[in-house]
Amino acid sequence: MSTSTSTSGAKSTTRTERRSHTCNQLRASDVGQTVKLGGWVYRKRDQKHQVFIDLRDHYGVTQLVFDADRPEQLEAARAVRPESVVFVSGEVVAREAKNPKMATGEVELKVTAIEVDSPCEDLSKLLPVAIPKGSNDRDNEQRRMEYRFLDLRRERMHRNIVARDQIIRFMRAHMAEEGFLEVQTPILTNSSPEGARDYLVPSRLHPGQFYALPQAPQQWKQLLMASGFDRYFQIAPCFRDEDARADRSPGEFYQLDMEMAFVGQEDVFGVIERMYKRLVDEVEIPGMKKKTLLEFPFPRIRYWDAIDRFGCDKPDLRFGLELEDVSDALRGTEFALFAEALAGGGHVKALKIPGGAAEGKGYVRKLEKWVKGLGYGGLPHLILKGGAADGSLKKALSEAESQKVFAQLGCVDDDLVVFGCGDRLSAAQVLGDVRNQVAEERGLCDPDVLGFSFLVDYPFYERDEENDKIEFSHNPFSMPQGGMTALEGDPLDVLAYQYDICCNGIELSSGAIRNHRPDIMYRAFEIVGYSKEQVDREFGHMINAFRYGCPPHGGMAPGVERTIMIFLNEPNIREVVAFPKNQHCQDLLVNCPSPVSDAQLEELHLTINLPPTEQTGSA
RNA sequence: GGGGCGGUAGCACAAUUGGUUAGUGUACCGGACUGUCGAUCCGGAGGUUGCGGGUUCGAAUCCCGUCCGCCUCGCCA
């Protein structure tokens, strides 16, 4: 597989009618050649009788030199504004003072002709976004998005978009090598019954009816399996009308959507973990330290093990700090909070923060305040001080109980132990958040290590606490482990062939071996109270496709942007999207969404009916 | 919709917690400099402190309202 990138892949094809070389091509061996370059004026060093200009293009930077022996060109160079596009020609000469920091640092271009093709007019006289490296390039997001075409000129952003291409190109190549067929699926499609809110597109030909943009090509890829295409993939756009997060782009994002027939889940895992391993091994991103894998093959972690050990189902495996179940040590305690949890069949969990007491008295208070901010009740804690228990639970627990906990966790003096209690999930969740927070504070996460894992054995059903009903835990269309037989027993014991892949605490994808058997499907839905008729009404077109011979199949769909984020150590998804939307799903560059004309509305048989408080003009 | 943080020169930030003429860096303009390379040195210009009201002798700072951005909860089969 070729791993050449669009940067290093610059060969003779970069010679054009307008230039002979790129700004990253000239070397000592080119000395004496007459060349023509085009690019942006990057940095100027004006010494009056001699001017140096760093000329920048997509590929790199070349130094231009203007001397007093050509006063006309020298004056032009002094006058040209930064970020203007210029063409220059001249002779490649060896530098008197070489610059080892530049790829082209052994040479420079002695300019005999300069043409300002497209001046940076810069009406305000000042750029709204600072381009040169070294300027703070992560701030004023609003201005950056309004002037994204300038923002993308910056080295880091430009590199990110190139890296995005490298990674996607590599994904395509890998999937092709593994025998996958890339198929495009409809963008104008139908509203799916569950999931996020849909984006709707009104139909002109069918007044009052709407298309929906796909939240994922889920139904299409399953239909492709029913059609006999053994292995499908697509770099698929997905549209969901949900609110933004740092790692969640509002509106639209991409998945490496894949599905394969006649497989079990390990077959799916193999394709994906080979891909990520090769991404790590073979893709080189300029300016990025090479990543290493924490483990290969990726560990398979059962859902409940992940909850018990890490307090979440997307564990960051780069550090320890695992949770302990101290229910047995505290059974029979008179502390009401714990006693109630244990009496209800729940758990008490503990997390040891080594040396946490040495951080000072305010530390626990700060941690507890932070935890409350997340919506938890609080953060009871113990401290081992001079061999005895201290902390907020000092009086609530007996010294013997505290000592049992210390012993189980292997505590030494100054260790801080924080507790969570409740059912198996909620007892662990609060500590899972604390675990991640402590790791971040202490810098325990090696930014160059990728700790992938597959999360497996998700429960198929769960009990809704509010109305005591059995409901699907995750995807109702995944295959229950054990098939029809499993659905005869206690639903809460049924596991699904449902899985996630995560890396460094970020969920990259979920996936499943699908339920392709109508009989099992009806039974699975019957358990949550759906009649056969309801299932047919809501999901009939899928089930119908399974009535004509459909192979067992499954897949997953790793998020493209999230994958790129972890390879680039970017904390925000906007940094890996060329033209991102803001938190309110607006594109500040082109100013969308925006009102449309009355004629357009009329053609679609639509009228706007705004709530009285919101005044939005129509064009 | 809720919570948190923020908005000061083109850009990035500061202003000793209500007190002199709102500073620093960078960018910009002018000057010096023939080997610079994130050039350096000297000088200059640049402000309705998001917007509106209020408290006060005095507001960037405190209060109320409002707009905008980011983070987050809800949401994300």
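Chain identifiers are assigned alphabetically (A, B, ...) following the order of the sequence lines, protein sequences preceding nucleic acid strands; residue numbering begins at 1 within each chain. Since the structure is predicted, the reported quantities are computational estimates derived from the model, not experimental observations.
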Margin query: On the side chain of Glu108(A), is there an atom forming a donor-acceptor pair with the base of G35(B) - under 3.5 Å, no angle test?
Written below: yes
Notebook entry, point to check: Between Arg523(A) (side chain) and Leu487(A) (backbone), is there a donor-acceptor pair under 3.5 Å?
Noted result: yes
Checklist line | Distance test, side-chain N/O of Arg574(A) to OP1/OP2 of C71(B), below 4.0 Å | finding: yes
Notebook entry, point to check: Considering only heavy atoms and no angle criterion, is a donor-acceptor pair shorter than 3.5 Å present between the side chain of Gln47(A) and the base of U40(B)?
Noted result: no
Notebook entry, point to check: Rounded to whole angstroms, how far apart are CG on Asn572(A) and P on G69(B)?
Noted result: 14 Å
Notebook entry, point to check: How many Å lie between CG on Asp243(A) and P on G74(B), as a whole number?
Noted result: 11 Å
Margin query: Taking only side-chain N and O atoms of Gln50(A), does any of them lie within less than 4.0 angstrom of OP1 or OP2 on U36(B)?
Written below: no
Check: Checking only heavy atoms, does the side chain of Arg248(A) share a donor-acceptor pair with the base of C76(B) at less than 3.5 Å?
Finding: yes
Next item on the list: Report yes or no: is there a donor-acceptor pair, N or O only, under 3.5 Å between the side chain of Arg95(A) and the base of U36(B)?
Entry: yes
Next item on the list: Grab the CD1-P distance between Ile573(A) and U72(B) for me, whole Å please.
Entry: 12 Å
Item checked: Aromatic contact, Tyr199(A) with Phe239(A) (centres under 6.0 Å) -> no
Check: Under 6.0 Å between ring centres, would you say that holds for Phe525(A) and Phe539(A)?
Finding: yes
Margin query: Quick check: Phe454(A) with Tyr499(A) (ring centres under 6.0 Å apart)?
Written below: no
Item checked: Side chain Arg144(A) and base G69(B) donor-acceptor under 3.5 Å -> no
